[in-house]
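Structure record follows, encoded as structure tokens.
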There are 2 protein chains.
Amino acid sequence: MPTEQEPARTKRADAARNEKTLLAAAAEVFVSSGVDAPIREIAAKAGVGVGTFYRHFPTRADLITAVYRHQIEACAEAGPTLLAAAETPFEALRQWIDQFTDFLVTKHGLADALQSDSSTFAALHTYFLDRLEPVCAALLKAAIDAGDVQTEISALELMRGVGNLCIGRGTDPRYDPRRLIAVLLKGLRAPL
Amino acid sequence: MPTEQEPARTKRADAARNEKTLLAAAAEVFVSSGVDAPIREIAAKAGVGVGTFYRHFPTRADLITAVYRHQIEACAEAGPTLLAAAETPFEALRQWIDQFTDFLVTKHGLADALQSDSSTFAALHTYFLDRLEPVCAALLKAAIDAGDVQTEISALELMRGVGNLCIGRGTDPRYDPRRLIAVLLKGLRAPL
DNA sequence: TACTAAATGGAGCGACGTTCCGCTTTTCAG
DNA sequence: CTGAAAAGCGGAACGTCGCTCCATTTAGTA
């Protein structure tokens, strides 16, 4: 079995520089134009050609995961921490969902992309789920074991539901995802 | 004040025929390719040019509302009927939401379009809400008055929440919007 | 310095939405 | 019945976007 011992030659200096520049440009453009901003715009802002862009991020999902990797990681790591610190497992779950919601809500269009069935975003969807689903599952299981949650629901379904509810905020001030997510959690909670 | 008494000349026969043909073609294409199928495809299937398409349906939202007008109307009319027939107002609300959900879930991509903040679909969004929001509000108010619902929530928010939860079904068999909507309703319900 | 592999960039292709306007068809007054 | 005028039609054409391809440039190395 080939134990990933390959040289993994270090990237050329200019390539590394361009990648950083692209990441910064993308982060900036995402804020103003959302995660589905034109590639050309990002490449232009970074001062590189589109060919260079695609060399670094073959897929839009690659770019998005790279831009938000830190926050996804933070969210993943928050799970066990919250579980240890909170009064009850259910409270830990609630707080984790809060953090997850904040993340989605502050990134313009990210929630939309996450739920899109377009194959372009399949990888993004997969990445989020692979990383976060186990974390959410642990919290959910703890809450169930504690008897705080009776409803039968999978972590995946819960996360997708929360993600979906985060779509479209900003369009209409009368729609607040957090309120609905609170209702959803209330529905999850065992009677009494 | 000009009392809309204008002649409103009846459409030319061929124009009326083309409109019907386009509607039929669109309904068919929507089933196989979703509501965001290429305009050219619909026009081709109807055997007309794209210019003709745009003459009849200047915006995609116009087409979608025309295609689904009957079902939207049926959903709107079901409100009062259910309220009169059901055991409790909350049960009426639940059944109405069921019908609304069925409608959204069976139309490939309709829920996505409904929540999209793209200005293309703004009219669609408006049409749905103008027609259905009062109906949902009446059901919700009845349930609140009966004491079955305590949570403070607007009909608009509830409808958008349900609509959002309907997004992405079909992609993943493990995600069932109805289950989450049931949880949401449980969360709406007053304790006990 | 000279060589090579990595990296670049932007022209170009196909798909799509949308507009525009010369041509065809329907309608209806006479 | 007839012949304009009005209404409708079609599809070429333009702008935008995602993505690919490859001739050229450049960083690392001996």
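A note on names: the letters A, B, ... follow the listed sequences, proteins ahead of strands, and every chain is numbered from 1.
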In whole angstroms, how far is the [atom2] atom of [N] from the [atom1] atom of [X]?
X: B/Ile42; N: C/dG17; atom1: CD1; atom2: P; value: 9 Å
X: B/Leu22; N: D/dG8; atom1: CG; atom2: C1'; value: 13 Å
X: B/Ile64; N: C/dG17; atom1: CD1; atom2: P; value: 12 Å
X: B/Asp14; N: D/dG10; atom1: CG; atom2: C1'; value: 13 Å
X: A/Arg17; N: C/dA6; atom1: CZ; atom2: P; value: 18 Å
X: B/Phe53; N: C/dG17; atom1: CZ; atom2: P; value: 9 Å
X: B/Leu63; N: C/dG17; atom1: CG; atom2: P; value: 12 Å
X: B/Asp62; N: C/dT18; atom1: CG; atom2: P; value: 11 Å

For the side chain of [X], starting at C-beta, report the closest nucleotide among [options].
X: A/Val50; options: D/dC9, C/dT18, D/dT20; answer: D/dT20
X: A/His56; options: C/dT18, D/dG8, C/dT8; answer: C/dT8
X: A/Lys11; options: D/dG8, C/dA7, D/dG18; answer: C/dA7
X: B/Val48; options: C/dG9, D/dG10, D/dC9; answer: D/dG10

Ignoring backbone atoms, test whether [X] places a side-chain nitrogen or oxygen under 4.0 Å from the OP1 or OP2 oxygen of [N].
X: B/Arg60; N: C/dG17; result: yes
X: A/Asn18; N: C/dA7; result: no
X: B/Arg55; N: D/dG8; result: yes
X: A/Thr52; N: C/dA7; result: no

Sugar-phosphate only, base, or nothing, as touched by A/Ala43 at under 4.0 Å among non-hydrogen atoms: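 Nothing, no heavy atom under 4.0 Å.
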Donor-acceptor pair (no angle test) under 3.5 Å: A/Arg12 side chain, C/dA7 base: no
Side-chain donor/acceptor contact of A/Arg40 with base of D/dT16 under 3.5 Å: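 Between D/dT16 and A/Arg40, which were checked side chain against base, a qualifying N/O pair under 3.5 Å is absent.
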Approximate separation, where rounding is to 0.5 Å, of A/Phe121 CZ and A/Thr126 OG1: 13.0 Å
Interatomic distance, A/Glu133 atom CD to A/Leu140 atom CG [nearest 0.5 angstrom]: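 Between atom CD of A/Glu133 and atom CG of A/Leu140 there are 9.5 Å.
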Mutual orientation of the aromatic rings belonging to A/Phe100 and A/Trp96 [parallel < 30°, tilted 30-60°, perpendicular > 60°]: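 Aromatic pair A/Phe100/A/Trp96 classed parallel.
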Plane angle bin for B/Phe103 and B/Tyr68 - parallel if under 30°, tilted between 30 and 60°, otherwise perpendicular: perpendicular
Stepwise salt bridge (Lys or Arg N to Asp or Glu O under 4.0 Å) test for A/Asp98 and A/Arg94: CA-CA 6 Å; A/Asp98 268 356; A/Arg94 186 198 303 279; over 6 Å; no
